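Atoms within each ligand, like the ligands themselves, are counted from 1 in listed order. Bear in mind the structure is a predicted one, so any value in this text is a computation, not a measurement.
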Amino acid sequence: MDINLEFTTEVETKTNELYKRIQNSIPKIEWPTLAPYIYEINQLKKDKGVTILAHNYQSPEIYYGVADIVGDSLGLAIEGEKVKTDKILMCGVHFMAETAKIMSPEKKVVLPNFSAGCSLAESITAEDVRKLKKDNPGIPVVTYVNTSADVKAETDICCTSANAVKIIESLKVKKVIFLPDVYLAKYVATKTNVEIISWNGKCEVHEQFTDSEIFELRKKYPSLKVISHPECPPDVIKASDFTGSTGSMIDYVKKTDAKDIFLVTECSMSDNIQIENPDINFVKPCNLCPHMKKITLKNILQSIKEEKNFIEIDDKIVSKARGAIEKMIVVGR
Ligand code: 13P
Ligand code: SF4
């Protein structure tokens, strides 16, 4: 099937409302290069029965332009399971597409670029978890969803940044193994009396933030509200007004009357929230996730059109990992 990627009058007319909505994030000069992809993806996804899920870190042209469902990791895991079409396309990173496949093994799950990884997921292997369990017999393993399917299959229960404390407390034990994010582990330790055995994984995006940049920004914007993700280092969290998952950041912004906000997280979060909250000044700098940015309109269109880039996971791994995610959804939604 040939695809016409010209900025025709039809494409311009059909994408005009969308452009008006996101125009403050996308320069007018770029629109003729993006709109034809958006138009084609939206046509093709209907013809081929594809539902597009997008994480909150996806760029506005994906988040507002082609996604059917957007959310944080927990929201995508819950909503992904309810999708009615036979195919799901994940605009996110590899572990998110794997989670969708684990929850809907009968569906075809597409990840437009398989090299969209995650430094946390890459920090630990299933063999590492087996060794930790051997060294700490009887201690339950709680695993952040930012891990591979193989690692999830070795664990008792998963969690996301939205429900980590709730999940740990639900186990009613004195000690847990909590993997793999050392900063999320430190954050959780400030909220519970459960003793935590952690791993030294870090998010390459959030570990770059420092408290000194927050102090400098507070001098410039005296009423600044600082909202950080729990993958940030402890000093950054200490210097923040609120800490939470990407979904809770959005909820916080909806409720606040703050005029200047620093979202200490991935850059596209500010771009996406800005569109819904034009009167708020979202203070930069932010950091880009190089993995999230590997998903583009071009590779989304190619994957749908050429019916490729399907996630495959061994059946045994699917059923073991599914148990850990299902427990999380029951306890931690
Ligand atoms: P959330 O679960 O808060 O969406 O975060 C996912 C993630 O990858 C953060 O870096
Ligand atoms: Fe992984 Fe960090 Fe990127 Fe989130 S922002 S996907 S934790 S590397």
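Ligand 1 lies out of reach of Met249, whose nearest heavy atom is not under 4.0 Å from it. Using a 4.0 Å cutoff on heavy atoms, His206 counts as a contact of ligand 1. Contact between Cys203 and ligand 1 is absent, with no heavy atom of the residue lying under 4.0 Å from the ligand. Residue contact check for ligand 2: Glu231 places a non-hydrogen atom closer than 4.0 Å to it.
For residue Cys203, an N/O/S atom approaches atom 2 (Fe) of ligand 2 to within less than 2.8 Å. Under 2.8 Å from atom 3 (Fe) of ligand 2 lies an N/O/S atom of Cys289, whether from backbone or side chain.
Considering backbone and side-chain N/O atoms, Ser73 comes within less than 3.5 Å of an N/O atom of ligand 1. Note: no N/O pair closer than 3.5 Å links Tyr144 and ligand 1 by distance alone. For the pair Asp72 and ligand 1, the shortest N or O to N or O distance does not fall below 3.5 Å.
Salt-bridge annotation for Lys284 and Asp271: present, with a side-chain N of the basic residue lying under 4.0 Å from a carboxylate O of the acidic one. Salt bridge annotation for Asp156-Lys133: absent, with no cationic side-chain nitrogen under 4.0 angstrom from a carboxylate oxygen. A salt bridge is absent between Asp251 and Lys255: the closest approach of a Lys/Arg side-chain nitrogen to an acidic carboxylate oxygen does not fall below 4.0 angstrom.
Counting only heavy atoms of the protein, atom 4 (Fe) of ligand 2 lies nearest to Tyr57 CE1, 4.0 Å.
Among Ser73, Gly201, Cys118, Pro290, the residue whose heavy atom sits closest to atom 6 (S) of ligand 2 is Cys118. Closest to atom 10 (O) of ligand 1 by heavy atom, among Glu204, Glu231, His55, is Glu231.
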